Amino acid sequence: MFRLPLFAVRVLDLTSVRAGRYAARLLGDMGADVIRIQPPGGTPDERLDCNKYGCTFDVSTERGRDLFLRLVDLSDIVIAESGDPAVDEWLERNERLIAVSLPAGDDVTSAVAAAAAAGLALWDRRRTGVGGRIDVAPPPPGSPWRGEPDGATLEPVSTRNGVVEIARPHWRLSESPAHIRLPAPALGEHNVYVLRELLGLSDSEIAALSAR
Amino acid sequence: MPDEPATTLADLRVLDLSDGIAGAYCARLFAGYGADVIVVEPPAGNPLRGHEAWSRLAAGKRSITLDIRTATGRLLFRDMVEGANLIVECFAPRTLDALGLGFAELQAIKRRIILTSIQGSDDNLLAECTAGLNAFAASAIAAHNADSHEIPQHIEITARECVASAVALGLQLPSREATFDRAPFQMSAVAWTDAPAPALGEHNFEFLCGEMGLPAADLPRLRAAGVV
């Protein structure tokens, strides 16, 4: 089996922007347990959301907020969008938490910077025992660079020994080939895992949630 | 920022062998967050010293001169690897292997080492910066893990793949090159610091004699022999 750098690190992906979703996926590619939380509705993206568990509930409702705070207690990293007023509350509840806020947009620099920040914060936390808050800087203004035309291919994958390997990862690690452990989740595919296994909700409570 | 962070990543030591922008930028980002970055330059100086951005690319690093193409230089470098967490380089492929300093050899010296090898893009500064930032992210994640769980890694990054992957995912590429002295993110727990770039070999005595235990009398002899 591969040796994954972020084994046993739990990440909550609360973003809807592409950069945030990709930041969370980069951590998932490195072995983190990423739980993507989104309101009912919307569609998962095959490429941005693979290597994540999917859970649907609406954090803007009182019940959803309560569930999310209980997940925060069990997590190492939250990826959120800049300006989320709840960040301070999360950090108060869980001082080991690393809360990463990204500017809106779909800039690859924000996504990679967020992944870097998570790595540095994990390094720092081993010594201090405390996580903290990270704010990713918005990209400088200017017209975006479009890249080489021949680079605009879909992300191809190849299967070797039953492992789906990513052909063109951002980086290659000698001990941990970039691979897809989990396809992008169907909407709410892992509700039972998150709500029952992690949060200990009963079947009737879960049924009541889905009924709404 | 409500609280000014007081700590740095001083317990993370990076050896920067980069002779290209992508690697120098990756190491500069580590230096910005307070890691102990030692730029290892050939005695004639890093080829990037002629670049207009050198003072910003080298900001916050310590400079020593050491020719790892000499046997004595490699011996000293091997001692440095023992005290390092991460090595960043952007030589032509297999250059380190040819010097007997490939990943397998480095791992034999230090079990938990991370080696980050970047293939930049000679003619595209934006691609260099993108590769440098990717290298920084992969190195930070791997370094955390190497130290906690003793998993060494050889990280390989090419500017071309970084760009192609971003385009394939429908993400926007940067609008301009990194400014090199701008923090890509602010951390509440770790300060971003801006220190001046070092003079060539400024830290030879401090580091080689003071920290590595090289007898002070050896330094002039090594200098005369072209090793430092």
Side-chain angles (χ1 to χ4, degrees), chain A residues 3-7 18-19 22 26-27 30 47-48 100 105-109 111-128 130-137 139-148 150-155 168-176, chain B residues 1 5 7 9 11-12 29-30 33 35 103 115-116 124 126-127 129-130 133-149 151-157 160-176 178-179 182-190:
Chain A
R3 309 203 292 176
L4 295 167
L6 294 181
F7 175 73
R18 295 180 79 79
Y22 189 52
L26 283 171
L27 302 180
M30 295 286 93
R47 287 169 288 154
L48 292 173
V100 186
D106 54 4
D107 191 273
V108 70
T109 309
V112 178
L120 284 193
L122 284 168
W123 173 282
D124 186 57
R125 193 182 73 170
R126 295 172 318 134
R127 182 186 46 189
T128 63
V130 178
R133 171 184 189 123
I134 291 164
D135 293 288
V136 175
S143 62
W145 168 48
R146 291 292 167 196
E148 324 283 328
D150 72 331
T153 50
L154 282 181
E155 186 176 58
R168 274 181 142 167
H170 271 222
W171 50 69
R172 295 173 190 280
L173 271 62
S174 58
E175 311 303 312
S176 324
Chain B
M1 294 292 104
T7 63
L9 299 173
D11 60 336
L12 176 66
L29 289 169
F30 275 106
Y33 292 101
F103 181 57
L115 171 64
T116 301
N124 192 325
L126 282 169
C129 293
T130 304
L133 183 64
N134 273 277
F136 175 55
S139 305
I141 290 169
H144 148 72
N145 188 265
D147 222 58
S148 310
H149 304 293
I151 303 182
Q153 295 275 9
H154 182 195
I155 301 169
E156 290 175 282
I157 292 192
R160 193 183 173 75
E161 280 184 338
C162 289
V163 169
S165 177
V167 172
L169 286 155
L171 293 163
Q172 269 180 9
L173 292 162
S175 50
R176 59 180 63 163
T179 56
R182 169 179 181 265
F185 47 84
Q186 295 289 339
M187 304 174 77
S188 65
V190 178

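These values consider heavy atoms only, across backbone and side chains, with no hydrogens, waters or symmetry-generated copies. Note that this is a predicted model, so its numbers are computed, not measured. Order of the sequence lines fixes the chain letters, A, B, ..., with proteins taken first and strands second; residue numbering starts at 1 for each chain.
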Practice task
Check the pair A/Leu27 / B/Ile141 against side-chain contact (heavy atoms from CB on, under 4.5 Å), numbers first and verdict last.
Solution key: CA-CA 9 Å; A/Leu27 302 180; B/Ile141 290 169; 3.9 Å; yes
For B/Pro174 and A/Val108, the nearest pair of non-hydrogen atoms, with its separation, is CD-CG1, 4.2 Å
Cut-off 4.5 Å, heavy atoms of chain B, and the answer for A/Pro139 is backbone
For B/Pro152 and A/Arg3, the nearest pair of non-hydrogen atoms, with its separation, is CD-NH2, 3.8 Å
In terms of heavy-atom pairs under 4.5 Å with chain B, the winner among A/Ala118, A/Ser174, A/Gly119 is A/Ser174
Is it the case that the side chain of A/Arg172 and the backbone of B/His154 share a donor-acceptor pair, with hydrogens and angles ignored and the cut-off at 3.5 Å? no
Highest number of heavy-atom pairs under 4.5 Å with chain B among A/Ile134, A/Leu6, A/Asp106 belongs to A/Asp106
Residue from B/Leu126, B/Thr7, B/Ile155 scoring the most non-hydrogen pairs under 4.5 Å with chain A is B/Leu126
Main-chain N/O of B/Gln172 paired to A/Arg18 side chain as donor or acceptor, under 3.5 Å: no
When the 4.5 angstrom heavy-atom criterion is applied to A/Arg127 and chain B, the contacting part is side chain
By ring pair (Phe, Tyr, Trp, His ring centres under 6.0 Å), B/Phe136 pairs with (sequence neighbours left out) B/Phe30
Would you please test B/Asn145 and A/Phe7 for side-chain contact (heavy atoms from CB on, under 4.5 Å) and show each step?
CA-CA 9 Å; B/Asn145 188 265; A/Phe7 175 73; 5.6 Å; no
Taking every heavy atom of B/Ser175 against every heavy atom of A/Pro140, the minimum-distance pair comes out as OG-O, 2.8 Å
One should read off an interatomic distance between A/Asp107 CG and B/Leu173 CG, to the nearest 0.5 angstrom, of 8.0 Å
Given A/Val136, A/Leu173, A/Leu26, the one with more heavy-atom pairs under 4.5 angstrom with chain B than any other is A/Leu173
Okay, B/Leu29 and chain A: the region with an atom under 4.5 Å from a heavy atom over there is neither
Under the criterion side-chain contact (heavy atoms from CB on, under 4.5 Å), I'd like the reasoning laid out for B/Phe185 against A/Leu120: C-alpha separation, chi angles, the key distance, then a yes or no. CA-CA 11 Å; B/Phe185 47 84; A/Leu120 284 193; 4.1 Å; yes
In short, A/Trp123 meets B/Leu9 closest at the heavy-atom pair CD1-CD2, 3.6 Å
*asked:* Test your reading of the model: is there a side-chain donor-acceptor pair from B/Gln153 to the backbone of A/Glu175, 3.5 Å cut-off?
replied: yes
Cut-off 4.5 Å, heavy atoms of chain A, and the answer for B/Thr179 is neither
In short, B/Ser165 meets A/Tyr22 closest at the heavy-atom pair OG-OH, 4.0 Å
Scored by heavy-atom pairs under 4.5 Å with chain B, the best of A/Ala111, A/Ala121, A/Pro141 is A/Pro141
Across all chains, not counting sequence neighbours, the side-chain hydrogen bond (donor to acceptor under 3.5 Å, both in side chains) partners of B/Arg182 are none
Rounded to the nearest 0.5 Å, the CD atom of B/Glu161 sits from the NE2 atom of A/His170 at a distance of 9.5 Å
Heavy-atom closest pair (B/Pro184 atom, A/Ala113 atom, distance to 0.1 Å) is CB-CB, 4.1 Å
Most contact-rich option vs chain A, by heavy-atom pairs under 4.5 angstrom, among B/Thr116, B/Leu171, B/Leu115, is B/Leu171
Turns out that what part of B/Ala183 lies under 4.5 Å from chain A's heavy atoms comes down to backbone
Note: vs chain A, highest number of non-hydrogen pairs under 4.5 angstrom among B/Ile157, B/Val190, B/Ile151, B/Leu12 is B/Leu12
